[in-house]
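Scroll down for the structure; my scribbles are underneath it.
If you read the sequence from its start, that first residue is 1, and numbering goes on from there.
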Amino acid sequence: MRLRTVALAVVVTGVISCGADAGTARAQGTKLWTVSRYDEIERGTTDGVAIRSDGRIEAGPATSVLYATGGNYVWAVAADAVGNAYVGMGGTAAGGAVVMRVAPDGKATKVFEGKELGVQALRVAADGKVYAATSPDGKVYRLGAAPADAVVVFDSAATEEKPKYLWDVFQAAGAAGKGGDIYVAAGAPAVVYRVPAGGGKAEVAFKTVDQHIRCLLMATDGTLYAGSDGSGVIYKLKTTATGPVGKPFAVYSAPKREITALAMDGAGNLYAAGVGARVAAGAPSPGLPPLPVTGAVGVTITFSQPGSANAATANTLIPEGSEIYRIAADGSPAKLLALKDDVVYGLAFHAGSLLAATGNRGRVYRVDAAAPGQLTDVAHLEASQGMAFAVVPGGLLVATSNSGEVFRLEDKPAANATYTSEVFDAQAFSQWGRVELLPQAASGFDLFVRSGNVESPLMGWSDWAPVAATGAVTVPGGRFVQWKAVLRAGGNVQSVGLNYLEKNLAPVVDDVVVQPGAKVAATPPQPLNATVQVSFPAAAGANVSVFTPDTNTQPLMAQKDKTGVTVRWAAHDDNGDDMLFAVWYRGVGERNWRLLKDKISERFLSFDASLLPDGSYEVKVVASDSPSHTESGALTGERLSGEFVVDTTPPVPGVLTAAMVAGGKIHATFSAKDATSPISHAEYSVDAGPWQYLEPVGSVSDSLEERYDFVVAVPVVSGDAATGVVNPAEHVLAVRVYDRYENVVAVKAVVR
């Protein structure tokens with residue numbers, strides 16, 4: 001048997017693969033890198049910048065470090081009427097429970113030092129007295145001006161239950177501004193103690209079957225709220241100057257295991273943070289682990305319960321993340337927010353907003369109480385965990401762990417707040433074009449761009465160059481690019497796009513495989529009406545989960561149609577009611593909404609865009625539960641789309657001039673202009689030959705008007721009249737130009 005030798009000469013000419021790698025192939029022409037969604041913006045670097053969950057960036061609160069402890073953990077913070085902060089620390093073998101008083105200028109004085117591991121809670125009572133609760137096997141102290149002045153007002157060892165942990169302390173307001181009863185939240189077992197005003201033996205206010213009472217809040221009417229760990233229940237207990245009245249009532253059982261923080265607004269709405277997965281019904285509750293004691297020079301105690309305390313010391317995630325709830329004044333609950341990657345340790349209602357301090361990324365969020373699922377990432381702290389809040393004149397203090405510091409968040413926005421995008425890799429040397437912004441009339445900030453050819457901006461990148469009012473940038477070409485926005489008060493921007501054009505590189509043949517006896521069928525022609533998938537994007541803000549997702553989220557297949565627009569939406573009703581929808585539209589900058597269609601039962605609508613003038617639009621979808629209710633009882637909810645462009649008009653061509661030049665070539669000039677979207681690309685053909693890509697003057701095609709000045713070779717022709725070639729010296733040059741929405745115009749010129 002003789003072996004056959006197969007020899008191939010392979011020439012690669014910019015082939016785009018059609019197989020599994022087609023998604024990674026890059027087409028020729030100008031591209032657009034856009035940063036607009038929360039998850040994209042979150043990958044950048046912030047300095048005094050707030051990021052809304054809809055992707056908008058704006059100036060955040062001015063943030064500064066008031067006090068750095070030099071240790072790892074600050075568990076609690078409180079503040080008095082003149083702005084002095086009290087900082088509760090501890091949690092390491094090298095140091096135990098300490099409270100520092102920090103003046104508004106940052107000067108710190110030690111006012112307490114105990115033998116316990118840490119100060120778990122601090123409260124400044126209405127009469128100005130400061131109380132500190134320590135753990136484990138701890139006490140509640142009334143603090144003075146120096147450590148020796150501390151007085152024990154509650155000792156867990158003196159109680160019948162002897163709880164291991166003290167988690168919170170609260171003093172009720174007494175008569176004539178004096179301090180009232182003191183309430184102490186304990187764990188292992190879960191008990192709330194009452195210490196009578198003026199001193200005396202502690203008594204049990206109430207017990208629960210939970211493992212811990214984690215947090216307390218006293219309303220102005222004397223109602224005491226308590227959040228538990230184990231079952232995630234919020235209890236309320238009516239109190240008076242003579243003690244509790246009646247028995248505790250469970251106002252809410254959260255889907256989470258542990259209630260870590262409580263807050264209340266001026267209208268009496270209660271807010272609560274829940275973390276951790278609940279134990280399934282019937283499953284044994286995990287017991288409290290022993291407290292290991294190691295070493296000869298100190299004591300190390302591991303907080304393994306509750307889960308949030310363990311997460312703070314171990315810098316780990318809580319299973320199933322965190323949630324924030326609102327219990328209205330009438331007792332009705334609602335879920336405001338679900339966070340997948342953050343543990344909520346502290347809540348505060350301040351200056352009309354609900355704020356949440358979280359770990360393990362040190363974020364402070366402003367939660368939109370009027371729009372469930374919406375938040376603003378207002379501060380990135382230089383610590384892993386935001387633990388607690390304290391209100392001071394003109395702002396808010398945030399205590400942190402890993403590392404232990406106290407930050408001050410001002411009620412005024414940061415000056416020159418700066419957002420820096422992540423580094424973008426164009427995958428090839430590129431020429432950088434114009435910047436595009438949304439909203440188009442965005443103001444109140446300065447935008448800068450820099451570029452380089454190595455991934456790190458610290459290694460030989462260009463200087464920051466300002467972006468001109470026209471969007472033009474003046475940075476050198478390169479593979480990598482980055483932008484930053486310096487925002488002033490009131491400034492905001494939602495989307496930044498940068499046009500770029502890759503430098504064309506020579507193809508490389510890496511391998512050739514020959515398989516004799518195999519045949520690949522010819523590729524079938526592309527159908528005239530290709531299909532388009534209308535899909536929902538990834539969840540805005542990867543850290544924000546949807547609590548009741550629409551199950552109909554599979555891609556919606558639509559036929560490709562240049563003049564069509566398809567609107568698709570997801571919706572749910574927590575009551576399970578049937579819904580009808582209405583779709584409205586308006587031009588950007590207009591006030592009045594106009595109805596497209598109502599009484600829609602499907603979750604999408606397609607309409608003919610040619611019915612609308614070219615321009616920028618937005619739509620509003622209104623959902624109604626009217627099929628399940630009377631007209632007077634039906635409720636509606638609505639949501640606006642992002643801005644989109646309708647462009648069904650092709651570019652307007654200029655005069656195509658063409659003439660023969662030396663060497664048997666054609667020199668041509670041409671221009672085209674579009675009223676709505678930038679010119680995308682152009683092509684030319686000579687004598688009905690193949691269409692060839694044509695780049696504009698300046699190479700980057702990113703403007704409403706582009707000019708073309710090019711020279712092309714004339715094809716060689718031969719023959720006589722019998723073959724159809726009447727005049728070999730006559731040629732036809734055709735040019736067609738596309739805008740960004742594939743509207744095309746064609747012109748031709750006869751050259752002799």
Side-chain angles (χ1 to χ4, degrees), residues 45-51 57-89 98-111 119 121-124 128 130 132 143 261 263 312 342 344-367 375-419 486-489:
T45 303
T46 65
D47 182 6
V49 168
I51 309 172
I57 59 176
E58 57 193 25
T63 305
S64 60
V65 176
L66 175 67
Y67 176 61
T69 67
N72 288 335
Y73 303 109
V74 174
W75 297 103
V77 65
D80 60 22
V82 297
N84 293 309
Y86 294 85
V87 183
M89 300 179 290
V98 173
V99 175
M100 304 293 292
R101 183 178 64 241
V102 182
D105 62 1
K107 183 179 180 181
T109 304
K110 183 185 294 185
V111 296
V119 175
L122 284 167
R123 294 284 183 182
V124 177
V130 182
L143 306 185
D342 292 298
V344 178
Y345 289 100
L347 291 176
F349 199 89
H350 175 67
S353 298
L354 177 65
L355 298 173
T358 71
N360 288 313
R361 301 183 298 167
R363 303 290 176 86
V364 176
Y365 296 111
R366 183 172 64 239
V367 181
L375 58 77
T376 302
D377 185 349
V378 298
H380 291 191
L381 307 176
E382 295 177 0
S384 295
Q385 282 88 19
M387 302 298 298
F389 290 110
V391 177
V392 293
L396 201 65
L397 301 182
V398 188
T400 67
S401 292
N402 292 311
S403 58
E405 296 178 280
V406 177
F407 292 84
R408 180 181 175 94
L409 272 61
E410 305 284 352
D411 290 338
K412 61 183 180 181
N416 296 323
T418 302
Y419 172 82
V486 179
L487 297 104
R488 299 179 290 278

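Listed by chain and number, the residues in a side chain to side chain contact (heavy atoms under 4.5 Å, CB included) with Glu410 are Ala62, Arg408, Lys412 (sequence neighbours excluded). Ser403 is linked by a side chain to side chain donor-acceptor pair (under 3.5 Å) to Glu405, counting only residues two or more places apart in sequence or in another chain. Applying the side chain to side chain donor-acceptor pair (under 3.5 Å) test to Thr418 and every residue at least two apart in sequence or in another chain returns nothing. Legend: residues meeting side chain to side chain contact (heavy atoms under 4.5 Å, CB included) with Asn416, ordered by chain and number and at least two apart, are Val486. Partners of Ala383 according to the side chain to side chain contact (heavy atoms under 4.5 Å, CB included) rule, which considers only residues two or more places apart in sequence or in another chain, are Thr400. With sequence neighbours excluded, no residue forms a ring-ring contact (aromatic ring centres under 6.0 Å, His included) with Tyr67. Arg101 meets the salt bridge (Lys or Arg N to Asp or Glu O under 4.0 Å) test with no other residue; sequence neighbours excluded.
Counting only distance, with no hydrogens or angles, the side chain of Thr69 and the backbone of Gly404 share a donor-acceptor pair below 3.5 Å.
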In residues 103-111, what donor-acceptor pairs under 3.5 Å come from side-chain atoms, sequence neighbours left out?
from	atom 1	to	atom 2	distance (Å)
Asp105	OD1	Lys107	N	3.0
Lys110	NZ	Glu113	OE1	3.3

Which atom pairs, donor and acceptor, lie under 3.5 Å between side-chain atoms of residues 384-394 and protein residues at least two apart or in another chain?
from	atom 1	to	atom 2	distance (Å)
Ser384	OG	Asn402	O	3.3
Gln385	OE1	Asn402	ND2	2.9
Gln385	NE2	Asn315	OD1	3.0
Gln385	NE2	Asn360	OD1	2.3

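Taking CG of Leu375 as the reference point, atom CG of Leu355 lies at 11.5 Å (rounded to 0.5 Å). For the atom pair Thr63 OG1 and Leu409 CG, the distance stands at 4.0 Å (nearest 0.5 Å).
Sequence neighbours left out, the pairs with a member in residues 344-353 that pass side-chain hydrogen bond (donor to acceptor under 3.5 Å, both in side chains) are His350-Asp411. For residues 376-392, every residue pair satisfying the salt bridge (charged side-chain N to carboxylate O under 4.0 Å, His left out) rule, not counting sequence neighbours, is listed here: Arg363-Asp377.
Scanning all heavy atoms of the two residues, the minimum distance from Pro413 to Ala489 falls at CG-CB, 3.9 Å. Contact record, Val344 with Ala356: CG1-CB, 4.2 Å, taken as the closest heavy-atom pair. Closest approach of Ala50 and Thr376 over heavy atoms only: CB-CG2, 3.7 Å. Closest approach of Leu122 and Val87 over heavy atoms only: CD1-C, 3.7 Å. Here the closest non-hydrogen pair linking Leu397 and Ala85 is CD1-CB, 3.4 Å. What you find for Ala121 and Ala76 is that their closest heavy atoms are CA-CB, 3.7 Å.
Side-chain atoms of Asp342 and Tyr365, non-hydrogen and from C-beta on, do get closer than 4.5 Å to each other. You'll find the side chain of Asp80 reaches within 4.5 Å of the side chain of Tyr86, heavy atoms only.
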